[in-house]
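Worksheet: the structure to be examined is printed underneath.
Just so you know, ligand 1 is whichever comes first in the structure, and atom 1 is the first atom listed for that ligand.
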Amino acid sequence: MNLKLQQYINGKWVEANSGNTRTIINPFNQEVIATVPEGDESDAKAAIAAAREAFDNGEWATTPATERGAIVRKIAEFIERDSEELAHLESLDTGKTVEESRGDMDDIAGVFRYFAELADKDGGELIDSPVPNSISKVVREPVGVCGQITPWNYPLLQASWKLAPALATGNTLIIKPSEITPLTHIKVFELMEEAGVPAGVANLVLGAGDTIGSELSSNEDVDLISFTGGIATGKKIMQAASMNVKKLALELGGKNPNIIFADADFDIAVDQALNGVFFHAGQICSAGTRLIVEESIHDEFVNALVERVKKFKLGSGFNEDTQMGPLISAEHLEKVEKYVEAGIQEGATVAVGGKRPEDPELQKGFFYLPTIFTDCTTDMSVVQEEGFGPIITVEKFSTEEEAVKLSNDSIYGLAGGVFTNDIAKAERCAAKMRMGTVWINEFNLYFPHAPWGGYKQSGIGRELGKLGMEEYTETKHIFQNLKPETINWF
Ligand SMILES: NC(=O)c1ccc[n+]([C@@H]2O[C@H](COP(=O)([O-])OP(=O)(O)OC[C@H]3O[C@@H](n4cnc5c(N)ncnc54)[C@H](O)[C@@H]3O)[C@@H](O)[C@H]2O)c1
Ligand SMILES: C[N+](C)(C)CC=O
């Protein structure tokens, strides 16, 4: 592997202070693919000190926004140049098909380009001051030192949503990838160095969440923490961030409803319901795992799904005909198995799947069969909890009001979908669905121009779009009296 396999702190490639390492495993066959440093709190502190110094010396924050944008644009160009290598690394690390990883790399380059273009587009705003002889203006400034923590399911994609706006707005940062999927983060730091990101501005620390992650969340020299991952971790981070009242951005989980009305285009709805869940073996925050289907078409719809699911080709992400790769780890596979067992015990019916595959070629990988549960009710744990695997639950409804009510019966509010040919009905549902994204006759589409984030316990704040840029800024009002006079009150 032609990668540095080190941390990047203050412009230098370094081992962990402790000398400890971690082996990275291919989830398709459990082979060791790399050995990387296992940093700890001391590495995180060194990276925070470097980012603090780089922010406080003011050079990056006062670099003209056009120049910062040009560097971010170069990163996009280098990602496009090296996209095949990056896609290969992402698939090795995560097990997802290389075709999916190629799509991710296109998206990632697009994210860097989008924020590069936005970098010099906000010159502040003049306020119509109510005070005579004065100037009142509002400017946006970088927040300061940003801690960024990413998950294993879309490693570099989730990182790009944080790195690009933070750099474009003049912040300094320390990023920590999931300890099990660090490879594309390392590669993108090589590209950022090549693009001219100055020493100390962007730092990469590798290792566990309860050491490095909690240091980033609690350290008083970090001004903002941006986290993507599970709710339980998000709550811990929120608590730790209160130490110095950090700015906080949380992108958490989802249990995303997909409402299928009888008047929808049947074949499109079936196809999109499958696409909405089974990419990356269902390990997607916005997977439409909670199907809510109108009673009159329920049986026909389920049969169509089952017939398609039976034909899925599972295998190595590097085989061209593979449609679904493995789950990320042995631990996660066990979690998914327990989730399915709970569903069966609660009375849901397995229409297809519900176990590990028997194919001898898949036994070394962490595979689970695509699974559809019918006879589901809203009180079941499989309907309420995020399974983060290739699992769909199907519920029935008979009225529009019931469909919307079911879709909102959740602690989550990340995303949801509606399939119908009645546009007015679709708009009525979208208006009432309590989620950060609602798709109509579409599922799981995202692009850099539109904000992404959750209602309810799916998160705080937004990534992508102009709001995703604003997350990395503080707003300052500057008032100038052009004709100061004594007041003589005291
Ligand atoms: N909303 C979104 O856009 C979005 C996108 C991708 C994934 N997710 C969510 O991510 C979850 C899956 O990812 P995961 O299993 O990697 O999540 P996770 O919460 O277990 O881990 C995410 C990151 O947090 C770190 N971490 C763990 N404990 C920590 C602690 N105490 N303090 C600080 N950091 C800590 C981990 O090392 C990892 O880097 C799912 O719930 C999924 O829905 C959400
Ligand atoms: C936000 N998304 C869909 C890219 C990844 C969620 O896991």
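Counting heavy atoms under 4.0 Å from ligand 1, residue Glu386 touches it through the side chain alone. Only side-chain heavy atoms of Lys236 come within less than 4.0 Å of ligand 1; its backbone N, CA, C and O stay farther off. Under 4.0 angstrom from ligand 1, the non-hydrogen atoms of Thr150 all belong to its backbone. For Thr228, heavy-atom contacts with ligand 1 shorter than 4.0 Å involve the backbone as well as the side chain. When heavy-atom distances to ligand 1 are checked against a 4.0 Å cut-off, Gln158 comes that close only through its side chain, counted from C-beta outward. Contacts between Asn153 and ligand 1 below 4.0 angstrom, taking non-hydrogen atoms only, involve the side chain exclusively.
Remark: the Glu90 side chain and the Thr184 side chain contain an N/O donor-acceptor pair separated by less than 3.5 Å. In the model, Thr150 has a side-chain atom that pairs as donor or acceptor with a side-chain atom of His185 under 3.5 Å.
Look at Glu385 and Lys255 and you find no salt bridge, because none of the NZ, NE, NH1 or NH2 atoms lies under 4.0 Å from a carboxylate O. We find that Lys74 and Glu77 are not joined by a salt bridge, their nearest charged nitrogen and carboxylate oxygen being 4.0 Å or further apart.
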Check ligand 2 for close polar pairs with the protein: N or O on both sides, less than 3.5 Å.
unit_1	atom_1	unit_2	atom_2	d
ligand 2	7 (O)	Asn153	ND2	2.7
ligand 2	7 (O)	Cys285	N	2.7

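When the options Ala415, Gly207, Gly147, Gly213 are ranked by their closest heavy atom to atom 34 (N) of ligand 1, first place goes to Gly213.
Contact analysis leaves Tyr154 out of contact with ligand 1, as no non-hydrogen atom separation drops below 4.0 angstrom. Residue-ligand proximity: Gly459 is placed with every non-hydrogen atom at 4.0 Å or more from ligand 1. Not a single heavy atom of Ser286 sits closer than 4.0 Å to an atom of ligand 1.
A centroid separation of 6.0 Å or more is found between the aromatic rings of Phe366 and His332. Remark: aromatic rings of Tyr472 and Trp161 are distant, center separation not under 6.0 Å.
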Determine, stepwise, if the pair Phe278 / Phe312 fulfils ring-ring contact (aromatic ring centres under 6.0 Å, His included). CA-CA 10 Å; Phe278 292 112; Phe312 279 12; 5.1 Å; yes
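In summary, of the residues considered (Ile149, Ile212, Leu248, Thr233), a side chain to side chain contact (heavy atoms under 4.5 Å, CB included) with Ser217 occurs for Ile149 alone.
Heavy-atom contacts from other residues, nucleotides or ligands closer than 6.0 Å to CZ of Arg22 number more than 12.
A cation-pi contact links Arg81 to Phe78, judged by a cut-off of 6.0 Å to the six-membered ring centre and 45° from its axis.
Here the side chain of Asn256 pairs a donor or acceptor atom with the backbone of Ala287 at under 3.5 angstrom.
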